[in-house]
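The structure appears below as structure tokens.
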Amino acid sequence: MASRSLGGLSGSRGSSGVCKKSLSARNAAVERRNLITVCRFSVKTLIDRSCFETIDDSSPEFNNFAAILEQILSHRLKGQVTWFGYESPRSFWDYIRVACRKVSQNCICSIENMENVSSSRAKGRAWIRVALMEKHLSEYISTALRDFKTTRRFYEDGAIVLGEEANMLAGMLLGLNAIDFSFCLKGQGLDGNFPAVIDYTPYLKFTQSSDSISSDEEELRTLGSSGSSGSSTPEKVGPPFIMDENSWFNKCKRVRHKYQLTLEQKGYLEELLQLRENELSKSVSQNKLLLQRIEDSELAHKLEKEQLEYIIVELQDQLKSYHSLDQLSAEVSLSQTSLDPGQSQEGEGKQDPLNFISEGKEDTPSLLGLCGSLTSVASYKSLTSLKSNDYLASPTTEMTSPGLTPS
């Protein structure tokens, strides 16, 4: 009996352990699914709100989104173990600071150097705002999730960033790049002393069926008749699901505001289109004028080129005629020299008068030999006197002089 009772106790303990494990797994899955679903809703509300107004720190939609993202990045985050073995809590900024350094032109260093931001949680909140203004939040998250070793080192099993939901998160955040955010990094939203709280009421929606509505009406009537006298019984109780006048008025006001914005955008686009059409017509007319000027200049250049080519041809013809005249004059001079040899001899005589002089100088000593045949001594003296005076006579005068005639 004792053994049976012990066996029953051990079996109950084993089954309770299995139930606890399954319950914890179910709770973790539900928590992940809830956070991802609420994050999707918050992104949609942010995109819708950006159509009407600028998103800043005062926007409740943004505050809710920042709280949701902070809880997603802090889901099952490991603590930091100290030297004494104690585990101190961490912030998601410690993970982002290490995993997002590979992003080109990141803002990690600028956030680390902020003077008014001291705590790790405040730096993480400042990073969310700066990343949204830079339109790089999805890029930061994708880069951090690709670094699986770092993510595994900072998070426990069952974390959102380690599951399949992480890819969905990066895809959802990509739609926020179309919004222009404007934040003040010195506001109360950066206070890291208090954790972020998610407001689920904007995303809760419950619709009742017709059967449930009728049953609720009957219950309200019965409760009202039993709790008060017959005279004070309400005649008619309206259904609780009907929207009041204020909600309808606010909804109509939003639609009207959206319609006015659409009209203003339409008028702005029409004016812009008209301006662009005017600029286009001016540019077309200027283009036509430029084309006409180009055609005129090309025609003028063509005419000028033809004139220059004609002038070049004329100059070449003149040069050819000059060459032919020079050749003709040379031929004429050659023909004249061949027809008149006397002139050539005279020219030679004129050109070489020194030859005769040199010959006269050489012949004067030879004349002394002829002195013996002379008959008169006076002639001999005249010859010596001529020699002493170095008077050189031309051959014609020597031949005609009477003193040189032989006996």
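Sequence positions, counted from 1, serve as the residue numbers for this chain.
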Indicate yes or no: at least one non-hydrogen side-chain atom of T150 is less than 4.5 angstrom from one of Y155. no

At their closest point, which heavy atom of C107 faces which heavy atom of E134, and how far apart are they? CB-OE2, 3.9 Å

Side-chain donor-acceptor pair under 3.5 Å between N34 and Y200, yes or no? no

Going by the angle between their ring planes, with limits at 30° and 60°, are W93 and W127 parallel, tilted or perpendicular? tilted

Supply the atom-to-atom distance C100 SG to N106 CG, rounded to the nearest 0.5 angstrom. 8.0 Å

Compare all side-chain heavy atoms of R153 with those of K149 and state whether any distance is below 4.5 angstrom. no

Spell out, as yes or no, whether a donor-acceptor pair under 3.5 Å connects the side chain of N177 to the backbone of S138. no

Under 3.5 Å, is there a donor-acceptor pair between the side chain of D56 and the main chain of S182? no

Between the side chain of D57 and the main-chain N/O of C184, is any donor-acceptor distance below 3.5 Å? yes

Atom pair NZ/CD1 of K102 and I108 - distance to nearest 0.5 Å: 13.5 Å

Report all side-chain donor-acceptor pairs from residues 269-276 shorter than 3.5 Å, counting only partners two or more places apart or in another chain.
unit_1: E270; atom_1: OE2; unit_2: K266; atom_2: NZ; d: 2.6

Regarding E314 and Y310, do their side chains bring together a donor and an acceptor under 3.5 Å, going by distance alone? yes

Can K123 and M114 be said to form a side chain to side chain contact (heavy atoms under 4.5 Å, CB included), step by step? CA-CA 9 Å; K123 290 180 180 179; M114 283 184 178; over 6 Å; no

Looking at A330, is its backbone amide N or carbonyl O close enough to the side chain of S333 to form a donor-acceptor pair, meaning the two atoms are under 3.5 Å apart? yes

With a 4.5 Å cut-off on side-chain heavy atoms, are P195 and E70 touching? no

Spell out, as yes or no, whether a donor-acceptor pair under 3.5 Å connects the side chain of Y140 to the backbone of A99. no

List the steps and the verdict of side chain to side chain contact (heavy atoms under 4.5 Å, CB included) for E139 and T143. CA-CA 6 Å; E139 183 180 358; T143 304; 4.3 Å; yes

H257 side chain near K253 side chain, heavy-atom distance below 4.5 Å: no

Note: E298-K302 ion pair, threshold 4.0 Å (strictly below): no

Check: Y203 and S42 side chains under 4.5 Å, non-hydrogen atoms: yes

Specify the closest pair of heavy atoms between S120 and D94, including all atoms of both residues, with the distance to one decimal. OG-OD1, 3.4 Å

Heavy-atom donor-acceptor pair, K135 side chain to I179 backbone, under 3.5 Å: yes

Return the minimal non-hydrogen interatomic distance between L132 and F62, and the atom names on each side. CD1-CE1, 3.5 Å

Donor-acceptor contact below 3.5 Å, side chain N64 vs main chain P60: no

For T151 and Y95, which I'm curious about, is there any donor-acceptor pair between the side chains at under 3.5 Å? yes

Exercise: identify the closest heavy-atom pair between M172 and V43: O-CG1, 3.7 Å

Is a side-chain N or O of H301 found less than 3.5 angstrom from the main chain of S297, in a donor-acceptor match? yes

Would you indicate whether E164, at its atom CD, is surrounded by more than 12 heavy atoms from other residues, nucleotides or ligands within a distance under 6.0 Å? no

For the atom pair CZ (R32) and CG (L162), what is the distance rounded to the nearest 0.5 Å? 9.5 Å

Exceeds 12 heavy-atom contacts within 6.0 angstrom, atom CZ of F41: no

Quick one: list whatever passes side-chain hydrogen bond (donor to acceptor under 3.5 Å, both in side chains) with D157, sequence neighbours left out. R152

To the nearest 0.5 Å, atom CG of L77 lies from atom CD1 of I160 at 12.0 Å

Distance in Å, I128 CD1 paired with M133 CE, rounded so as to fall on 0.5 Å steps: 12.0 Å

Side-chain donor/acceptor of E165 to backbone N/O of R33, under 3.5 Å: no

Nearest-0.5 Å distance, CD1 of residue I141 to CG of residue N167: 12.0 Å

Reference residue F65; test side chain to side chain contact (heavy atoms under 4.5 Å, CB included); the match among L46, I55, I198: L46

Check C51 against L261 and note the closest heavy-atom contact, atom names and distance. O-CD1, 3.8 Å

Between C39 and I72, what is the shortest heavy-atom contact and its length? CB-CD1, 3.8 Å

Are E295 and Q292 close enough that some pair of their side-chain heavy atoms sits under 4.5 Å apart? yes

How about T201 and D199: does a side-chain donor come under 3.5 Å of a side-chain acceptor? yes

Kindly determine whether V161 and F154 satisfy side chain to side chain contact (heavy atoms under 4.5 Å, CB included), including the steps that lead there. CA-CA 10 Å; V161 295; F154 277 88; over 6 Å; no

Distance-only, no hydrogens or angles: does the R129 side chain make a donor-acceptor pair with backbone N or O of R125 under 3.5 Å? yes

Side chain to side chain contact (heavy atoms under 4.5 Å, CB included) evaluation trace for L69 with L137: CA-CA 11 Å; L69 184 61; L137 181 60; 4.0 Å; yes

